[in-house]
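Model, not experiment: these values are computed from the prediction. Whatever order the structure lists them in is the order used to number ligands and atoms, beginning at 1.
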Amino acid sequence: MCGIIGAICETNVTPLLIEGLKKLEYRGYDSAGVAVETAEGLKRVRAEGKIAALEEKLAETPLAGFSGVGHTRWATHGAPAERNAHPHKSPCGRFLVVHNGIIENAAEIKRSLLPAGSVFESETDTETAAHLLTKFYDGDPVAAIARTLSVMEGSFALGVLCADFPDTLFAAAFGSPLVAALGKDGAYIASDAGALPEAPEEIYSLKDREIVSLTRGSLRFYNEKGEAIEKTPAQVRVQALSVDKGGYEHHMLHEIHQQPEAVRATLAGLLGPEGIDLSGSGLTEDFIKNELERIVIVACGSAYHTGLCAKRLFEGKARIPCSAEIASEFRYADPVIDRHTLAIFVSQSGETADTLAALRLCKEKGAKALSIVNVALSAIAAESEGVILTQAGREIAVATTKAYSAQLSVFYALAIRFAALRGAIGSAEEKALTHALAELPERIAEAIDSTKQTAETLAGRLFEAKDMFFIGRQLDEAAAAEASLKMKEISYLNSQAYAAGELKHGTISLVEPGTPVIVLATQDAISAKTRANLAEVKARGAFTVAVTTRALAPAFAEADEVIVLPDVCQWFTCSLAVVPMQLLSYYTAKRRGCSIDQPKNLAKSVTVE
Ligand code: AGP
């Protein structure tokens, strides 16, 4: 949610800022702006909409200078209009501020400033920070920032330019991601290290109201009181964000096709010569065998859906009680967890605010915290006791595909190993499952190839639907949840996922002649029940599509359309069933003329609660 970039270097900074903003656009695209320390002083240019609109404005009003900040916005306070676009100006014009996060007490701060004559030109919370800087400034910007931070509540990352210090850039953070980096050609700040213009020689993650001042060749850090502190650089390999679509029309389609590789690379870190190797996860065999009593999986959105699938495996196959929880609910539910609980946090970005808060809660309660994240330099990775990194590569499309698949593959490895250690499966079965898991990337590749055409054709039939339903049982229910989210997220078509047997308890009243009902049916043991549910909706005139296995296809032949998946072990069917559903959403969104990679109202990483 919102992306910040800042640079101080020896060449014109504006093109660097724009390039950085393009890489950060996944974080929000309601408006964008840059401020630069020019020969005529601090200047800003802002535009409503995407970075392209800002570029057009900059073509008319170019900005040149050696230091500057840029911002791409996901609106929280105030409409997505130019007047609310960052950078925001302090009343004296001395400070220009970009902000990511939410200043929760902005209304009170505003009220406290009004009697002194403060006039606000935007509806944003950010502008209050600019006003506070003016109020507290006595010639020392670091001290003014420290005092400003002491007043602000919520979460924030700030980039600040001060007209009195044209050769310095300032930044601070609390609860929102921000890195400060030193490179060969300059010094930088960014909401995501992947947006930095060069590979950093030193990189630091800011937290706990830390402040940094950057000059071309140095970074100086301060604590919340404005006192100088030492920080140790992070030891991580920065994965650069790329705007390359690999020859595909959209990032999403590119990323769908990258799934076999994402899963292969992720499994490479988990499959050793002796089988599944969890030694890098921070989990001991003793804990899994003797101490573990319960697993809770906490996440949001699609990451939560991987948890729904994993729950079926941990509980149904490894025989360990397990629940999958939505982070924003779980953190306020006073959950029963203790040191015998393994809490698993799943996040592509590693910075989802509710997931991070849930992680902190579980740690406080003494649970063992393991995270599955795709971004190494992220708060969730930093704060977890154990981390398994998915190797999906950076995901740009807001709708996740390859990170979802990579997360599922981690869960498969965990479930197989846990099942073996707890004695729920024997070593021969463990071996066979591990072997099948190693082959999963090929099966996913086959699923992409074999279902793509059908998905595209089907989209031509479904794209004008009013409502759509995805139903399934057990693992298929988990896959249906993800399929439905994909559909509504990018095609703006109302879709719902339901446990197939639950439909007749109310929702079936929405099924009308022609309503598309996609029936996911990959589980042999319960296929007869799912087939009965298909018959029920068909009897009410639904247009039915069965997504099933080769073995079950004859049983679902009465569906109007049957999508047959490549053969795969029953544990891993979610990974295949979701593929034609991703493609169906993609092609449906395309037919509906939607903004596929940047759907309306959304942002890739959700750093507000
Ligand atoms: C999925 O397509 C979504 N864009 C969204 O649900 C996402 O999975 C969710 O916001 C969680 O994000 P995270 O994995 O970065 O924590």
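The heavy atom nearest to atom 10 (O) of ligand 1, out of those in L356, I490, T355, V606, is found in V606. Which of K604, M252, E489 comes nearest to atom 2 (O) of ligand 1 through a heavy atom is settled by distance: it is E489.
Of the protein's non-hydrogen atoms, the one nearest atom 14 (O) of ligand 1 is Q348 N, 2.6 Å.
Short contacts between ligand 1 and S347, defined as distances under 4.0 Å to a heavy atom of the residue, involve ligand atoms 13 (P), 14 (O), 15 (O), 16 (O). Set against the non-hydrogen atoms of S302, the atoms of ligand 1 under 4.0 Å away are 1 (C), 2 (O), 6 (O), 8 (O). Within ligand 1, counting atoms from 1 as listed, the ones closer than 4.0 Å to a heavy atom of G301 are 6 (O). Each of the following atoms of ligand 1 lies closer than 4.0 Å to a heavy atom of A303: 8 (O), 14 (O). Those atoms of ligand 1 with a heavy atom of A399 less than 4.0 angstrom away are 2 (O).
With respect to the salt-bridge test (charged N to carboxylate O, under 4.0 angstrom), the residues K365 and D334 qualify.
Using cut-offs of 30° and 60° for the angle between ring planes, the F156 and F174 rings count as tilted.
Close to ligand 1: K486, with a non-hydrogen atom less than 4.0 angstrom away.
For the pair K452/Y587, a side-chain contact is recorded, criterion being any heavy-atom separation below 4.5 Å from C-beta on. In this structure, D192 and K23 have side chains that are not in contact, with every pair of non-hydrogen atoms separated by 4.5 Å or more.
With a heavy-atom cut-off of 4.0 Å, L485 touches ligand 1 through its side chain alone.
Here's the thing with G350: none of its N/O atoms is less than 3.5 angstrom from an N/O atom of ligand 1. At least one N or O atom of S349, backbone or side chain, sits closer than 3.5 Å to an N or O atom of ligand 1.
In this structure, the ring of Y412 has its center less than 6.0 angstrom from the ring center of F572.
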